[in-house]
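Contents: one structure, followed by commentary.
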Amino acid sequence: MSVKVYIPRDTTSLALGADHLASELAAAVLERGEEIEIIRNGSRGLFWLEPMVEVETSAGRIAYGPVETKDIDTLLDAGLINGETGHPLCQGLTEEIPYLKKQQRLTFARAGITDPVSLEDYQAHDGFKGLKKALQMDSQSIVNEVKTSGLRGRGGAAFPTGIKWQTVLDAQPTDGSQKYIVCNADEGDSGTFADRMVMEADPYMLIEGMTIAGLAVGADQGYIYLRSEYPVAHQILNEAIEKAEAAGFLGVDILGSGKTFNLEVRLGAKAYICGEETALLESLEGKRGMVRAKPPLPAIVGLFGQPTIVNNVLSLAAIPYILAEGGHAYADYGQGRSLGTLPFQLAGNIKRGGLIEMAFGLTLRELLEDFGGGTYSGRPMRAVQVGGPLCAYLPESQWDTELDYEAFQAIGAGLGHGGVVVFDDTVDMSEQARFSMEFCVEESCGKCTPCRIGSTRGVEVIDRIRNNENRDANMDLLSDLCETMIDGSLCAMGGMTPFPVQSAVKHFPEDFQKDNAETGA
Amino acid sequence: MTTLNEQARNQIAKVITDLQHKPGALLPILHGIQDRLGYIPPESVPMIAEALNQSRADIHGVISFYHQFRSTAPGQHTVEICRAEACQSMGARQFETHVKHTLGVDYHGTTTDRSITLESVYCLGNCACAPSVRVNDQIIGRVTPEKFDGLVDELRSQKLEVQ
Ligand SMILES: Cc1cc2nc3c(=O)[nH]c(=O)nc-3n(C[C@H](O)[C@H](O)[C@H](O)COP(=O)(O)O)c2cc1C
Ligand code: SF4
Ligand code: FES
């Protein structure tokens, strides 16, 4: 039997040449008269090692990375096919790489281990165990299990998932029977890629989670609203949905239960605001992505006016584990009101970027230093934005904060979707503040004045500050403007854009006091 | 405005009939048209409006809301530069200046030889290996000015082959 060699097919691996590497490796092996079976797995999320090639041995998989095509010959000479460990790119047993070994992978347990579209692989690694259990349970019991898990929405707002599901379970559709499950796969925050990794490395887990949600509230139709910036995820999801349907895990009469759940992927069209759940629903209905006033909640009046669960990819992806192992097993991880695990995403100017799934409670510094190993550039780290473009920039004095929802709230920051973007000391924080406002100008839905006009004014005021025009007066103006946006905006786009701006002003005041010669603005 | 040829009109009509039965069909229809033609010709607006029983203004309003939809033909290839934070931290601002200078166009512009249309994008999910660009449906990480210039040469030579 030929040796199994794994080369990922996720976006980042492909972006670093994995396709080309796979074909060149196959050709080189053939030329040497040897035989291997190349499997295109998902990524383990150790992105600094991508493209990472793994070779199956009796002791487990041996990893090599980052591998370029120019390394193929020396790797083969050094016995890659037998999993020999002498080559400088060899990382040893994958499971023993500290970055991976230290993690607590519940949601990402299968990521990078399986072929993402293989139903056999999925089932061999606990796949559909949760669904099979759910099919034996009544709706209320499923919802109770989710409540027990303590799971809070991973899309940013951290609302308890079980309570949302209860509301949808109890809600009466106006047209008699229709309810919907909508997966928010818009993942617009810079620095985040955990949703993408779920969809590209383990799509059946999301399909299973959504199907369980359907059983829990009596919904037979689901939509995955996927950003169009993710062409690889799109292709893999569609392939997985087709296979799951053909094998009876999705569609009518799921596993002979008589229950139906249909699933369709819908693409967004480059609009950050469509990640906001009501704008997303408008978009799914074929309209402009304008934010709706709440109440009514989408749980009661959602897609096409019917009761709807809108959950983030990671929230839904946590469900199969919760059903398979029980809500208590999930709640055993984490602390206080932040239970379970959060897949953190380490990005930007970082030496070892990647996905780190850990129980809540480790500190930001552990993430940056123990996992990340410092900046990519080798320069000192200066500012870290946690939680996406609507959350604060943190200076070093705050890096010992524990990563949990409440601890971050206490310092005026947020965890958002778990993205962590690192900047070195070349960053100009007044430029970052300007970008926050500029992004809001670009992406505001335009419904309310503080957001639409406030952000435009924000850009102008920061430009004046950077140009040293009436600097003190303009700093005051910026402060007032931020307050107006926070108080007067309908949604978090306008309401939270000021957070990164205010944090930049507060923690990096020197960047707003430079001579104009220096800012070069 | 150039009038649309028969073949393009038929393609649009087919996309509409294939998809109009879907709940919330408008975005799938717009994607379908842009996938096939590269843009959404203004002539398609009344066709969509009629099929969905909506006003032309409604359809137009949706097209203009989303950054992705365009009403004019793009160049042969579309290059999107990620402008979001993680890419900024890895030099995306300087990179963007290089790209604009090399191509001689700003965002939404098309090079004079019509080989490349330049667009911005906010995050491609490749934030751990930034900076990132997207060329048509391919995402490229850890991009540098040199790598980009090579890419542009390659894209331009592909255009010659096609012609
Ligand atoms: C401007 C804006 C953008 C958002 N983008 C996303 C997103 O890309 N993905 C996401 O899951 N939630 C996003 N949210 C949060 C959603 O509105 C909503 O809270 C979430 O989808 C609910 O799912 P959860 O409870 O599972 O987190 C965004 C919110 C705002 C205000
Ligand atoms: S705050 Fe901005 S994005 Fe949100 S509803 Fe108002 S205008 Fe739209
Ligand atoms: S910020 Fe550029 S890929 Fe995410």
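Given the structure is predicted, the values throughout are model-derived calculations rather than measurements. Each chain gets a letter, A, B and so on, in the order the sequences are listed, and its residues count up from 1.
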Problem - Pair B:Arg83 + A:Glu438: basic N to acidic O under 4.0 Å - result: yes
Problem - chain A interface, residue from B:Gly91, B:Ser132, B:Gly61 that has the most non-hydrogen pairs under 4.5 Å - result: B:Gly61
Problem - Selection residues 225-236 of chain A - residue pairs positive for salt bridge (Lys or Arg N to Asp or Glu O under 4.0 Å), sequence neighbours left out - result: A:Arg227-A:Glu229
Handout entry: Reported CG-to-CZ distance for the pair B:Leu124 and A:Arg196, which is rounded to 0.5 angstrom
Key = 10.0 Å
Practice task
Return the minimal non-hydrogen interatomic distance between B:Glu85 and A:Tyr393, and the atom names on each side.
Solution key: CG-OH, 3.8 Å
Practice task
With a 4.5 Å cut-off on heavy-atom pairs, point out which of A:Gly17, A:Ala194, A:Gly268 contacts chain B the most.
Solution key: A:Gly268
Practice task
Classify the side-chain pair A:Gln432/B:Gln88 by whether it contains a donor and acceptor separated by less than 3.5 Å.
Solution key: yes
Completion exercise
Looking only at A:Gly348, A:Ala383, A:Gly353, most heavy-atom pairs under 4.5 Å shared with chain B are made by A:Gly348
Handout entry: Atom of B:Ala86, atom of A:Ser190 and distance for their closest heavy-atom approach
Key = N-OG, 2.9 Å
Practice task
Tell me, for A:Asp424 versus chain B, whether the close heavy atoms (under 4.5 Å) come from the side chain, the backbone, both or neither.
Solution key: neither
Problem - Any side-chain heavy-atom pair of B:His67 and A:Tyr272 under 4.5 Å - result: no
Exercise for the section: Determine the option with the most heavy-atom pairs under 4.5 angstrom with chain B, choosing from A:Arg288, A:Glu187, A:Gln345. Expected result: A:Arg288
Handout entry: Full working for side chain to side chain contact (heavy atoms under 4.5 Å, CB included) between B:Phe65 and A:Glu282
Key = CA-CA 12 Å; B:Phe65 181 87; A:Glu282 291 284 301; over 6 Å; no
Handout entry: Options B:Ser64, B:Pro131, B:Pro23, ranked by heavy-atom pairs under 4.5 Å with chain A, top entry
Key = B:Pro23
Problem - Residue-level interface, residues 139-149 of chain B with chain A, non-hydrogen cut-off under 4.5 Å - result: B:Ile139, B:Ile140, B:Gly141, B:Arg142
Handout entry: CD (A:Glu264) with more than 12 external heavy atoms under 6.0 Å
Key = yes
Exercise for the section: Please report the shortest heavy-atom distance between A:Arg266 and B:Gly24, naming the atom on each side. Expected result: NH1-O, 3.1 Å
Handout entry: Spacing of B:Leu26 atom CG and A:Lys287 atom NZ [to the nearest 0.5 Å]
Key = 11.0 Å
Fill in the blank from the handout: Interatomic distance, SG@B:Cys129 vs CH2@A:Trp48, rounded to 0.5 Å, equals 10.5 Å
Handout entry: Segment of A:Ile273 engaging chain B (4.5 angstrom heavy-atom cut-off)
Key = side chain
Handout entry: Residue selection (most heavy-atom pairs with chain A, distance under 4.5 Å) from B:Gln138, B:Lys22, B:Gln54
Key = B:Lys22
Exercise for the section: Below 4.5 Å from any heavy atom of chain B, which atoms of A:Glu442 appear? Answer side chain, backbone, both or neither. Expected result: both
Problem - Proximity breakdown for B:Glu80 and chain A, heavy-atom pairs closer than 4.5 Å - result: side chain
Exercise for the section: Mind checking the CG-CZ spacing from B:Asn126 to A:Phe47? Nearest 0.5 Å is all I need. Expected result: 7.5 Å
Practice task
Below 4.5 Å from any heavy atom of chain B, which atoms of A:Leu267 appear? Answer side chain, backbone, both or neither.
Solution key: both
Handout entry: Spacing of A:Ser228 atom OG and B:Tyr66 atom OH [to the nearest 0.5 Å]
Key = 11.0 Å
Exercise for the section: Might you point out which heavy atoms bring A:Gly354 and B:Ala128 nearest each other, and give the distance in Å? Expected result: N-CB, 4.0 Å
Handout entry: Basic-acidic side-chain contact under 4.0 Å: B:Arg93, A:Glu431
Key = yes
Handout entry: Closest contact, heavy atoms only, B:Gly125 versus A:Phe193
Key = O-CB, 3.4 Å
Exercise for the section: Step through the shown structure and confirm whether more than 12 heavy atoms of other residues, nucleotides or ligands are within 6.0 Å of CG on B:Asn53. Expected result: no
Problem - Distance (rounded to the nearest 0.5 Å) between B:Cys87 SG and A:Asn349 CG - result: 11.5 Å
Practice task
Indicate yes or no: at least one non-hydrogen side-chain atom of A:Lys270 is less than 4.5 angstrom from one of B:Val121.
Solution key: yes
Exercise for the section: Step through the shown structure and confirm whether more than 12 heavy atoms of other residues, nucleotides or ligands are within 6.0 Å of OH on A:Tyr376. Expected result: no
Practice task
Could you tell me which portion of A:Ser436 (side chain, backbone, both or neither) has an atom closer than 4.5 angstrom to a non-hydrogen atom of chain B?
Solution key: neither
Practice task
Evaluate whether atom NZ of B:Lys100 has more than 12 neighbouring non-hydrogen atoms of other residues, nucleotides or ligands under 6.0 angstrom away.
Solution key: yes
Problem - Stepwise side chain to side chain contact (heavy atoms under 4.5 Å, CB included) check, A:Ser283 with B:Leu27 - result: CA-CA 8 Å; A:Ser283 184; B:Leu27 261 74; 3.5 Å; yes
Handout entry: Interface residue of largest heavy-atom contact number with chain B, from A:Gly446, A:Pro389, A:Gly419, under 4.5 Å
Key = A:Pro389
Problem - B:Tyr122 and A:Phe435 aromatic ring geometry - parallel, tilted or perpendicular at 30°/60° bounds - result: tilted
Exercise for the section: Tell me, for A:Val232 versus chain B, whether the close heavy atoms (under 4.5 Å) come from the side chain, the backbone, both or neither. Expected result: neither
Handout entry: Side-chain heavy-atom pair A:Thr192, B:Cys127 within 4.5 angstrom cut-off
Key = no
